[in-house]
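Everything below concerns the one structure shown next.
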Amino acid sequence: MKIIVLDTETTGMLEKDRICQLSYLVLNEDFEIEEVHNDLCMPPLPISYEAMAIHHITPEMLEGEPSCVQTKAYKRLLELNSPANLMVIQNAAFDLGMLSKEGFSLKMNLIDTFRILRAYYPLDGTSFSLQYKRYQWGLYKEEEGLAKKLGITIKAHDALGDVIVLKHLFERLCEEHSMPKMILLCSEPIILSHIPYGKNKGKKFVDVAKSDRQDLHYMLNANGLDADVKASILHALEATKESVTLTIGFGKYAGKTPEEVLEIDRNYLLWMVNKMDNLNAELKEAIEKILVSYP
């Protein structure tokens, strides 16, 4: 098995954006580096100034460089793309999404260290970012010797610098968790214990499902909700539905149960189920049952 530890830099964060640097290390099963790949490439659109401010790749640096698919790094990545090998990425959804625009479809097993950190270390610090863990866990202390050996300088938000950090993060995770278990965990949506961001950050999903249930329904409707958070919300709502009393969380009857509103304003409930497009499915179902039970 080969282990490919990969990172990209891009022209920006939007759907239209593309790769301008592709870097990865190829490790053996003892985590020894066998190959180093680090290629700049000419994207089909300009680099945004916001992206330049992060990775410091300028248009002048890309002059004369090949497109991503023409780089040696990309061609070798295609050769390595086998179920026998393992890909390690921090926040894989982004990098794999960018690689897919170049025609790359992952066949390797995958460990997404970002998702592993959220699952196994939900309350360990305030961020799951690579650079935060670099300093929090003292990974930077291991870099100097490796950087000197490879003849590179470690720089934040440089793809090659980041894969060096990611290698050390991955090794640290492997000290505490088995690779097969992490691969399995990343193969499907992960049920997280704690909410990773927003007003309820750090609270348990199940606790918020009991105390501020509407907040989870709002999260479900948010744009860009990732699969792990969605699965965790749905799991918490389902696990607690028998132990909570549903109330209306908005409008003139906020805080009242559908049963209470039925006694004073049946038409309001009818309006809710027939006219409110953003009414959450759980509350809508409860109201519909009450309306049928008490015609």
Side-chain angles (χ1 to χ4, degrees), residues 5-8 10 12-15 50 54 87-98 106 110-139 156-157 162-163 165-166 168-179 181-241 243-244 249 278 280-282:
V5 184
L6 180 143
D7 187 48
T8 65
T10 66
M13 303 288 289
L14 303 179
E15 180 61 31
E50 290 81 3
I54 294 172
M87 176 80 83
V88 178
I89 310 181
Q90 169 80 358
N91 193 14
F94 178 79
D95 293 282
L96 292 179
M98 287 294 175
L106 185 69
L110 174 67
I111 290 179
D112 184 338
T113 53
F114 174 77
R115 296 176 67 204
I116 295 295
L117 289 170
R118 288 201 310 189
Y120 288 155
Y121 308 92
L123 302 179
D124 186 23
T126 60
S127 174
F128 306 109
S129 77
L130 184 62
Q131 291 300 320
Y132 183 92
K133 292 302 178 185
R134 177 190 186 191
Y135 293 107
Q136 183 196 19
W137 287 3
L139 304 176
H157 306 300
D162 283 351
V163 295
V165 180
L166 183 54
H168 292 133
L169 174 61
F170 174 62
E171 290 174 344
R172 170 69 179 272
L173 291 174
C174 287
E175 291 174 2
E176 301 179 12
H177 311 282
S178 74
M179 273 195 280
K181 184 177 180 180
M182 289 191 286
I183 291 169
L184 181 62
L185 194 66
C186 290
S187 68
E188 56 189 19
I190 299 172
I191 303 301
L192 305 171
S193 59
H194 292 72
I195 297 175
Y197 54 77
K199 62 179 284 190
N200 292 304
K201 180 178 179 180
K203 295 181 181 179
K204 290 185 176 180
F205 278 97
V206 292
D207 289 344
V208 176
K210 295 175 183 178
S211 63
D212 296 289
R213 202 169 184 84
Q214 190 63 35
D215 288 352
L216 296 187
H217 285 292
Y218 287 142
M219 289 180 70
L220 273 179
N221 293 324
N223 292 328
L225 186 68
D226 72 64
D228 293 342
V229 174
K230 181 178 181 179
S232 302
I233 292 172
L234 293 174
H235 177 269
L237 292 173
E238 179 65 22
T240 57
K241 69 178 183 179
S243 63
V244 299
N278 61 345
N280 74 71
E282 183 179 47

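Inter-residue side-chain proximity for S127 and Q136 is flagged as unmet; no heavy-atom pair is nearer than 4.5 Å. Residues T113 and L166 are in side-chain contact: their nearest non-hydrogen atoms beyond the backbone lie under 4.5 Å apart. Looking at L110 and L96, their side chains come closer than 4.5 Å, going by heavy atoms from C-beta outward. At a threshold of 4.5 Å between non-hydrogen side-chain atoms, the residues I116 and C186 count as touching. Two residues are said to be in side-chain contact when any heavy atoms from C-beta on lie closer than 4.5 Å; L237 and L220 meet this criterion. In this structure, the side chains of R115 and Y120 stay at 4.5 Å or more apart for every pair of heavy atoms. Counting heavy atoms from C-beta outward, M13 and F94 have side chains that approach closer than 4.5 Å. Considering only heavy atoms from C-beta on, F205 stays 4.5 Å or farther from N200 through its side chain.
With values rounded to the nearest 0.5 angstrom, D212 atom CG is found 6.0 Å from K203 atom NZ. The structure places NE2 of H217 at 6.0 Å from CD of Q214, a figure rounded to the nearest 0.5 Å. Distance check, rounded to the nearest 0.5 Å: CD1 of I111 to CG of L173 gives 8.0 Å. With rounding to the nearest 0.5 angstrom, the CG atom of L185 is 8.0 Å from the NZ atom of K181. Here the NZ-NE2 distance, from K230 to H235, works out to 16.0 Å after rounding to the nearest 0.5 Å. Distance check, rounded to the nearest 0.5 Å: CG of L123 to NZ of K204 gives 9.0 Å.
The two residues G202 and H194 come nearest to each other via the heavy atoms O-CD2, 3.1 Å. Closest non-hydrogen pair, S193 versus P122, comes out as OG-CG, 3.7 Å. Among all heavy-atom pairs drawn from L192 and V229, the shortest one is CD1-CG2, 4.3 Å. Here the closest heavy-atom approach between residue C174 and residue M182 is recorded as SG-CE, 3.8 Å. Nearest approach of K210 to V244, heavy atoms of both residues: CA-CG1, 3.7 Å. Shortest non-hydrogen contact noted between P196 and F128 is CB-CE1, 4.1 Å.
Between D124 and K133 there is a salt bridge, since a side-chain N of the basic residue sits under 4.0 Å from a carboxylate O of the acidic one. Remark: R118 engages D226 in a salt bridge, criterion side-chain N to carboxylate O under 4.0 Å.
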Exercise. Before giving the answer on side chain to side chain contact (heavy atoms under 4.5 Å, CB included), spell out for Y218 and K199 the whole-Å C-alpha distance, their side-chain angles and the decisive distance to 0.1 Å.
Key: CA-CA 12 Å; Y218 287 142; K199 62 179 284 190; over 6 Å; no
Exercise. Take M87 and L6, measure what side chain to side chain contact (heavy atoms under 4.5 Å, CB included) needs, and give me the verdict at the end.
Key: CA-CA 7 Å; M87 176 80 83; L6 180 143; 3.8 Å; yes
Self-check item: Intermediate values then yes/no, side chain to side chain contact (heavy atoms under 4.5 Å, CB included), I195 and L216
Solution: CA-CA 10 Å; I195 297 175; L216 296 187; 4.0 Å; yes
Quiz item: Can D7 and I89 be said to form a side chain to side chain contact (heavy atoms under 4.5 Å, CB included), step by step?
Solution: CA-CA 7 Å; D7 187 48; I89 310 181; 5.7 Å; no
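Qualifying side-chain hydrogen bond (donor to acceptor under 3.5 Å, both in side chains) partners for D95, counting only residues two or more places apart in sequence or in other chains: T8. Remark: Y121 engages W137, H177 in a ring-ring contact (aromatic ring centres under 6.0 Å, His included) (not counting sequence neighbours).
Side-chain contact check for Q90 and D162: no donor-acceptor pair (N or O, by modelled atom type) lies under 3.5 Å. Between the side chains of R213 and T240, at least one donor N or O lies within less than 3.5 Å of an accepting N or O.
Of the possible donor and acceptor atoms, one in the side chain of D228 sits under 3.5 Å from a partner among the backbone N and O of I190.
Surrounding CD of E176 are more than 12 heavy atoms belonging to other residues, nucleotides or ligands, all under 6.0 Å away.
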